[in-house]
Amino acid sequence: MGRYVLRRLLQLIPVFIGTTFLIFFLVWAVPGDPFTGMCGERPCPPQFVAAMTDKYNLNDNVVVQYLKYMGALLTGDFGQTYAEQEISELIGNAAPVSLRLAVVAVAIEAVIGVTAGILTGLRGRGFVDNLVLVSTLFLIAIPTFVIGFVIQIVLGFELEILTPTVSSEATWGELIIPGFVLGSLSMAYVSRLTRTSIAENLRADYMRTALAKGQPKRRIVGVHLLRNSAIPVITFLGTDIGNLMAGAIVTEGIFGIHGIGRLVYDGILEKQGAIVTGVVVLLVLVFLLVNLFIDLMYAVIDPRIRYD
């Protein structure tokens with residue numbers, strides 16, 4: 001196991017370099033003057049532009065800029081915005097909020113989606129199965145921002161059951177509704193994936209063998225069926241954490257959440273390439289580490305899987 005983990009960590013290095021360089025190149029290639037609006041309605045003086053260009057290495061080619069950026073990043077320096085704000089502080093304030101939102105969304109989609117998938121997968125066709133299929137199709141067909149606006153207007157403004165926006169503290173309780181909105185699409189996919197996986201494994205040879213041996217139904221379902229059906233579901237849920245953090249721009253905008261999505265959106269509007277790059281570097285690390293963790297979980301779920 002230790003050799004496998006070391007080998008996987010070494011494999012993450014070229015993936016990390018390639019993805020971060022790609023996003024750095026895309027951000028660097030964005031046209032336009034990054035100093036627009038910094039001096040009010042008037043254009044910035046040439047002396048100011050020259051000083052800022054030299055300070056942020058904007059005259060260097062993209063490879064040199066990337067190497068300088070990665071060199072500083074290894075020391076924990078994410079750089080500064082053009083307003084001389086520390087990007088590490090901005091990410092440090094925004095990342096915990098988005099992480100809590102992603103955890104709430106994954107928890108909701110796991111509990112509701114897996115439960116619905118198990119019920120429909122075990123019972124087969126019937127009223128519950130048709131209800132779940134129609135509900136999940138409904139969630140897949142409707143965009144997330146529509147679901148968010150409907151919930152906000154109906155429950156927030158009309159019925160006044162909840163506050164339509166999230167406070168600056170963004171507590172766990174306040175993030176339940178935004179988390180449901182953010183995870184609604186994935187919840188539908190988890191339900192369908194669980195249902196399909198269970199229905200497929202129900203027809204497997206090992207299930208017929210367990211039934212022929214006379215094992216209790218609870219053990220057959222809990223030990224054999226669910227564990228073998230869980231691998232694709234856990235894979236989806238694990239990788240979805242990074243997806244939800246990266247794709248929370250719309251949900252955070254609807255509910256006024258100041259997280260990673262809002263930070264990236266502001267960085268794009270203000271042409272703050274360093275902010276976008278810093279956030280992407282963080283998300284790449286999350287993706288890579290979560291994928292490694294999911295691979296290690298396979299051996300826990302299925303004893304037949306061994307890493308040498």
Side-chain angles (χ1 to χ4, degrees), residues 98 100-159 161-162 164 166 174-204 207 221-222 225-255 257 259 261 283 287 290-291 294 297 301:
S98 291
R100 288 200 299 270
L101 179 62
V103 170
V104 171
V106 170
I108 291 175
E109 70 184 60
V111 172
I112 300 178
V114 171
T115 301
I118 292 175
L119 290 176
T120 55
L122 292 176
R123 294 188 176 186
R125 296 190 176 276
F127 174 76
V128 176
D129 184 58
N130 292 330
L131 178 63
V132 171
L133 289 178
V134 171
S135 301
T136 53
L137 184 62
F138 180 80
L139 291 175
I140 294 172
I142 297 181
T144 301
F145 67 88
V146 175
I147 297 176
F149 276 124
V150 170
I151 291 179
Q152 186 183 51
I153 292 173
V154 175
L155 300 183
F157 294 106
E158 297 293 336
L159 301 179
I161 297 176
L162 52 85
V166 175
E174 292 178 320
L175 294 177
I176 292 178
I177 298 301
F180 175 83
V181 173
L182 180 60
S184 59
L185 178 61
S186 297
M187 181 173 62
Y189 286 128
V190 167
S191 175
R192 286 174 170 252
L193 182 61
T194 305
R195 174 184 179 274
T196 302
S197 183
I198 288 178
E200 181 180 354
N201 283 297
L202 275 174
R203 298 188 294 268
M207 289 295 296
V221 173
L225 179 60
L226 294 185
R227 290 183 67 176
N228 284 280
S229 303
I231 289 181
V233 180
I234 289 180
T235 302
F236 182 88
L237 290 174
T239 56
D240 205 36
I241 294 178
N243 290 327
L244 294 176
M245 289 185 64
I249 296 179
V250 174
T251 304
E252 291 183 359
I254 293 174
F255 293 96
I257 302 172
L283 294 178
F287 269 111
V290 168
N291 274 278
I294 293 301
M297 284 293 295
I301 299 172

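Note that the structure is a prediction, hence the values are computed from the model and not measured.
Ala188 and Ile140 get closest at one heavy-atom pair: CB-CG1, 3.7 Å. Residues Pro164 and Phe157 come closest through the heavy atom pair CB-CZ, 3.6 Å. Closest of all the heavy-atom pairs between Thr251 and Leu182 is OG1-CD1, 3.6 Å. The shortest heavy-atom contact between Leu202 and Gly121 is CD1-O, 3.4 Å. Counting all heavy atoms, side chain and backbone alike, Gly261 lies closest to Ser98 at N-OG, 4.1 Å. Shortest non-hydrogen contact noted between Thr144 and Val181 is CG2-O, 3.4 Å.
Pairs passing the salt bridge (charged side-chain N to carboxylate O under 4.0 Å, His left out) check and including a residue from residues 100-120, sequence neighbours excluded, do not occur. Sorted by first and then second residue, the salt bridge (charged side-chain N to carboxylate O under 4.0 Å, His left out) pairs with a member in residues 174-193 form an empty list; sequence neighbours excluded. Contacts classified as salt bridge (charged side-chain N to carboxylate O under 4.0 Å, His left out) and involving residues 127-146 (residues at least two apart or in different chains) are given here: Asp129-Arg195.
Looking at heavy atoms from C-beta onward, Leu122 lies in side-chain contact with Leu225 at the 4.5 angstrom threshold. The closest side-chain heavy-atom distance from Leu244 to Leu101 is not below 4.5 Å.
Between the CG atom in Leu283 and the CZ atom in Phe287 there is a gap of 7.0 Å [rounded to 0.5 Å]. Atom CD1 of Ile108 sits about 11.5 Å away from atom OG of Ser186, to the nearest 0.5 Å. Atom CD1 of Ile254 sits about 8.0 Å away from atom CZ of Phe145, to the nearest 0.5 Å. For the atom pair CD1 (Ile198) and CG (Leu193), the distance works out to 10.0 Å, reported to the nearest 0.5 Å. Put simply, OG1 on Thr194 and CD1 on Ile118 are 6.5 Å apart, with the number rounded to the nearest 0.5 Å.
The closest donor-acceptor contact from the side chain of Asn201 to the backbone of Ser197 lies under 3.5 Å. Between the side chain of Thr115 and the backbone N or O of Val111 there is at least one donor-acceptor pair closer than 3.5 Å.
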Exercise for the section: Let me see the working for Ile147 and Leu185 under side chain to side chain contact (heavy atoms under 4.5 Å, CB included), right down to the final yes or no. Expected result: CA-CA 10 Å; Ile147 297 176; Leu185 178 61; over 6 Å; no
Practice task
Before giving the answer on side chain to side chain contact (heavy atoms under 4.5 Å, CB included), spell out for Leu137 and Leu133 the whole-Å C-alpha distance, their side-chain angles and the decisive distance to 0.1 Å.
Solution key: CA-CA 6 Å; Leu137 184 62; Leu133 289 178; over 6 Å; no
Exercise for the section: Could you walk me through whether Ser135 and Leu131 pass side chain to side chain contact (heavy atoms under 4.5 Å, CB included), step by step? Expected result: CA-CA 6 Å; Ser135 301; Leu131 178 63; 4.1 Å; yes
Practice task
Go through the steps to decide whether Ile177 and Phe255 satisfy the test side chain to side chain contact (heavy atoms under 4.5 Å, CB included), and finish with yes or no.
Solution key: CA-CA 9 Å; Ile177 298 301; Phe255 293 96; 4.2 Å; yes
